[in-house]
Amino acid sequence: MRAVVLLREQPVYRRGSFLAGLQASGYSVVREIAAPGPADVLVIWNRYGHWAQLASRYEARGARVIVAENGYVGREWRGGVWYQLALGWNNGAGRWPVGDPARAAIFAEELKPWRAGGDYVLVLAQRGIGSPPVAQPLRWHERAVADLERAGHRVVLRGHPGNHQENPSLYAQLEGASCAVTWGSGAGVKALLHGVPVYHGMPRWIGSPAARAYQKPLPEPLRGDRSAMLTRMAWAMWSVEEIASGEAFRHLLGLR
């Protein structure tokens with residue numbers, strides 16, 4: 001079994017933990033594989049550009065592609081470092097085994113009761129990094145703002161923090177929001193955990209089991225059971241220690 005890891009050298013704990021975990025799971029980590037086969041694995045960060053083309057080539061030959069990204073509630077969380085892992089795609093569009101619901105207890109401290117009230121719709125913009133169906137389409141958040149305002153809603157647009165470092169804190173903005181609208185963002189996941197109803201555009205978004213699909217006009221907000229979402233998300237998100245030990249890869253790849 002061979003593995004190619006196309007992650008940056010920095011930060012050190014990221015690439016190093018992936019290499020250690022794959023080796024602990026029985027893989028020989030190599031620089032490239034000219035003719036990948038079903039026993040081989042490719043690890044990439046997100047899925048776009050050259051990496052997306054390479055991933056498709058590996059998959060066409062039966063190899064598996066692990067797509068990594070920062071954890072759904074942030075990379076630095078609960079005093080540690082966390083990443084999402086799935087086969088094929090990130091952000092909920094990929095595949096992964098879902099295990100014991102007890103793992104969802106990692107979110108217990110963040111999970112707040114559903115909230116009512118609020119006097120504006122909070123639109124959560126994204127940068128559009130990645131490939132369809134994961135990446136936010138160009139100007140999707142701007143069109144959502146225009147649609148909502150035409151429908152008579154008061155709207156607050158939160159720019160992506162990577163481009164708008166002057167933003168107020170997300171939780172401060174959620175306090176005054178009646179709901180949030182997102183293509184499929186980590187901020188939307190945090191809104192759901194915080195008890196704010198969410199509407200989403202991405203069909204297979206990780207938060208979709210606890211949210212409503214965005215449409216015009218907005219349907220009634222969903223304030224239902226979040227346990228299915230939390231369980232799926234818990235089994236797609238791993239600490240750097242679980243990655244380095246190989247536990248994350250053994251679970252994802254069905255290894256003993």
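Bear in mind the structure is a predicted one, so any value in this text is a computation, not a measurement.
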Would you sort out whether Phe107 and Trp77 count as a ring-ring contact (aromatic ring centres under 6.0 Å, His included), showing the intermediate values?
CA-CA 11 Å; Phe107 301 114; Trp77 179 63; 5.5 Å; yes
Dump the intermediate steps for side-chain contact (heavy atoms from CB on, under 4.5 Å) on Gln126 and Thr182, then the final yes or no.
CA-CA 8 Å; Gln126 294 171 251; Thr182 184; 3.4 Å; yes
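Glu220 CD: 12 or fewer foreign heavy atoms inside a 6.0 Å radius. Summarising the local packing, CZ of Arg57 is surrounded by more than 12 heavy atoms from other residues, nucleotides or ligands at distances under 6.0 Å.
Scanning both residues, Leu218 and Cys179, for their nearest heavy atoms gives CD1-SG, 4.4 Å. Closest non-hydrogen pair, Trp183 versus Val134, comes out as NE1-O, 2.9 Å. Met202 and Gly184 get closest at one heavy-atom pair: CB-CA, 4.4 Å. Across every non-hydrogen atom of Arg212 and Pro219, the tightest pair is CD-CG, 3.8 Å. Among all heavy-atom pairs drawn from Ile206 and Arg232, the shortest one is CD1-NH1, 3.9 Å. Arg2 approaches Pro36 most closely through the heavy-atom pair NH2-CA, 4.4 Å.
Side chains of Arg143 and Pro137 form a contact here, defined as non-hydrogen atoms less than 4.5 Å apart. By the 4.5 Å heavy-atom criterion applied to side chains, Tyr199 and Leu148 are not counted as neighbours. Using a 4.5 Å heavy-atom threshold, the side chains of Leu192 and Trp114 count as touching. Here the side chains of Ile66 and Leu253 are in contact, with some heavy-atom distance below 4.5 Å. Residues Val73 and Met237 meet the side-chain proximity criterion, which asks for heavy atoms closer than 4.5 Å. Using a 4.5 Å heavy-atom cutoff, the side chains of Leu85 and Ile243 are in contact.
Separation of atoms OH (Tyr171) and OG (Ser169) is listed at 9.0 Å; rounding is to 0.5 Å. To the nearest 0.5 Å, atoms CD (Glu110) and NE2 (His194) are separated by 11.0 Å. How far CG of Leu6 is from NE2 of His50: 7.0 Å, rounded to the nearest 0.5 Å. Atom CD of Glu149 sits about 9.0 Å away from atom CG of Leu157, to the nearest 0.5 Å.
In summary, the aromatic rings of Trp205 and Tyr72 are positioned with their centroids too far apart to meet the 6.0 Å limit.
Linking Ile, Leu, Val, Met, Phe, Trp and Tyr residues whenever their side-chain heavy atoms come within less than 4.5 Å places Ile106 and Met229 in a single cluster.
Tyr83 and Trp45 have perpendicular rings, their planes meeting at more than 60° on a 0 to 90° scale where under 30° would count as parallel. Ring-plane geometry between Tyr214 and Trp140 is classed as perpendicular, the angle between the planes exceeding 60 degrees on a 0 to 90 degree scale with a lower cut at 30.
Screening residues 88-109 for side-chain hydrogen bond (donor to acceptor under 3.5 Å, both in side chains) gives Arg103-Glu242 as the qualifying pairs, with residues at least two apart or on separate chains.
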